[in-house]
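Report on one structure; see the data block that follows.
First the proteins, then the strands, lettered A, B, ... as listed; each starts at 1.
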Number of protein chains: 2
Amino acid sequence: MDEIKDFKDLLKKENLKCTKHRESILDVIDKAGQPVTVEAVYLKLKEQGVAISLSTVYRVLEALLGRGLVVKTSVNDDSKALFEINSMEHKHHFLCVKCRKMLPVDGCPLEDYEKALEEKLGFSIKGHKLEMFGYCRSCRYKDE
Amino acid sequence: MDEIKDFKDLLKKENLKCTKHRESILDVIDKAGQPVTVEAVYLKLKEQGVAISLSTVYRVLEALLGRGLVVKTSVNDDSKALFEINSMEHKHHFLCVKCRKMLPVDGCPLEDYEKALEEKLGFSIKGHKLEMFGYCRSCRYKDE
DNA sequence: ATTCATGCAAACGGTTTGCACGCAT
DNA sequence: ATGCGTGCAAACCGTTTGCATGAAT
């Protein structure tokens, strides 16, 4: 329902100048609905007729990351960084190794486990990164 | 107790020619006891007086990886790849963000969770990557 | 008017590769 | 003797940066 996101205010709140590029980038990432590469953002913008330089995309994402507006991820078999809107809810992703879609998975099974580990091993666990992979529902029964 | 590993046989079994370099590299990784960077392996060898080229380390690790003798990892905030001996047991690591040691953690809390997810979302989960970070026991109470 | 954002091209750092030579089998 | 392993240097690719210009406040 809230299709028109208030990126202007979001940027203003973070003391970032509100430029066309920054708005478009936020829009592209938001609409993607899954973690996207810098290049993907760049190409999408080009496709939309936006004249922008790749380094600007890098710099804007860096700035957004610094203010916590986006989150940076990566998958182990790929060297490229991934970005997504910071939804503020703790969640993980499932990567389909066939269609390469990344599907969000709500919740997290690690809270209790980490608490137990902290007690057992004396760690102070500050965070974790969990990424699952396999076949999604629609790719599962397709042949190779 | 089994300090002398039989890397020769290991290599032979995988149809890899048994060279000094390959033995030394396996030895260095094995002795490290935690995931190590390519550069670290290279420097350790130099330190031991082994004349080797960095690209050879890369190529050997690639070969070992292909035969499953080693496992490749990475941590999200670092761009370098990490390698460790493939112990064949499913385990994860805890990275201390202060001393940068990676401590192995036996077991895995995800089996049941993944089973539940598969049923709920129709995925076929083939694997996962979990990495935890925070402060280890000895760094925990040290001041910054 | 000032500050910060941007484009361009060059630099960077980890990794890969082509080629000629050398060693294990 | 053959094929695979290695060293060297150059290429590669994602990312970062210096500098001069342009736009938002």
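If you take OG on B:Ser24 and CD1 on B:Ile52, they are separated by 6.5 Å, rounding to the nearest 0.5 Å.
Residue pairs meeting the side chain to side chain donor-acceptor pair (under 3.5 Å) criterion with at least one member in residues 65-74 of chain B, sequence neighbours excluded, are B:Ser74-B:Lys129. Among residues at least two apart or in separate chains, there is no ring pair (Phe, Tyr, Trp, His ring centres under 6.0 Å) pair with a member in residues 16-75 of chain A.
For B:Glu119, there are no salt bridge (Lys or Arg N to Asp or Glu O under 4.0 Å) partners two or more places apart in sequence or in a different chain. Partners of B:Ser55 under the side-chain hydrogen bond (donor to acceptor under 3.5 Å, both in side chains) rule, at least two apart in sequence or in another chain, are B:Ser53. Evaluation of the side-chain hydrogen bond (donor to acceptor under 3.5 Å, both in side chains) rule for A:Lys17 yields no partner, not counting sequence neighbours.
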Please tabulate the protein-to-nucleotide N/O contacts below 3.5 Å involving nucleotides 10-15 of chain D, giving atom names and distances.
residue: D:dT15; atom: OP1; partner: A:Ala81; partner atom: N; Å: 2.8
residue: D:dT15; atom: OP2; partner: A:Tyr58; partner atom: OH; Å: 2.6
residue: D:dT15; atom: O5'; partner: A:Tyr58; partner atom: OH; Å: 3.2

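Straight-line distance from the CZ atom of A:Arg59 to the C1' atom of D:dG22: 13 Å, rounded to whole Å.
A residue-by-residue look at B:Glu62 and B:Lys12 shows that B:Glu62 has its nearest nucleotide of DNA chain C further toward the 5' end.
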Only distances under 3.5 Å count here; give the side-chain donor-acceptor pairs of residues 82-94 of chain B to other protein atoms, sequence neighbours excluded, each with its distance to 0.1 Å.
residue: B:Glu84; atom: OE1; partner: B:His93; partner atom: NE2; Å: 3.0
residue: B:Glu84; atom: OE2; partner: B:His93; partner atom: NE2; Å: 3.0
residue: B:Asn86; atom: OD1; partner: B:Met88; partner atom: N; Å: 3.0
residue: B:Asn86; atom: ND2; partner: B:Gly68; partner atom: O; Å: 2.9
residue: B:Ser87; atom: OG; partner: B:Glu89; partner atom: N; Å: 3.3
residue: B:His90; atom: NE2; partner: B:His92; partner atom: NE2; Å: 3.3
residue: B:His90; atom: NE2; partner: B:His128; partner atom: NE2; Å: 3.0
residue: B:His92; atom: ND1; partner: B:Leu130; partner atom: O; Å: 3.3
residue: B:His92; atom: NE2; partner: B:His128; partner atom: NE2; Å: 3.2

Donor-acceptor pairs are to be reported for all side-chain atoms of residues 106-113 of chain B against protein atoms at under 3.5 Å, with residues two or more places apart or in another chain.
none

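Of the residues in residues 16-26 of chain A, those placing a heavy atom less than 4.0 Å from an atom of DNA chain D are A:Lys17, A:Cys18, in numerical order.
For the helix from C:dA1-D:dT25 to C:dT25-D:dA1, the rotation axes defined at the first and last 5 base pairs enclose an angle of 30°, given to the nearest 10°.
Ion pairing between B:Glu62 and B:Arg59 fails under the 4.0 Å rule for side-chain N and carboxylate O. For A:Glu118 and A:Lys115, the salt-bridge test fails: no basic side-chain N is under 4.0 Å from an acidic carboxylate O.
Contact footprint of chain B on DNA chain C: nucleotides with an atom under 4.0 Å from a non-hydrogen protein atom, first to last in 5' to 3' order, C:dG14 to C:dT25.
Membership of an apolar cluster is not assigned to B:Val71, as no side-chain contact below 4.5 Å to another ILVMFWY residue is traced.
Around NZ of A:Lys101, the count of heavy atoms belonging to other residues, nucleotides or ligands within 6.0 Å does not exceed 12.
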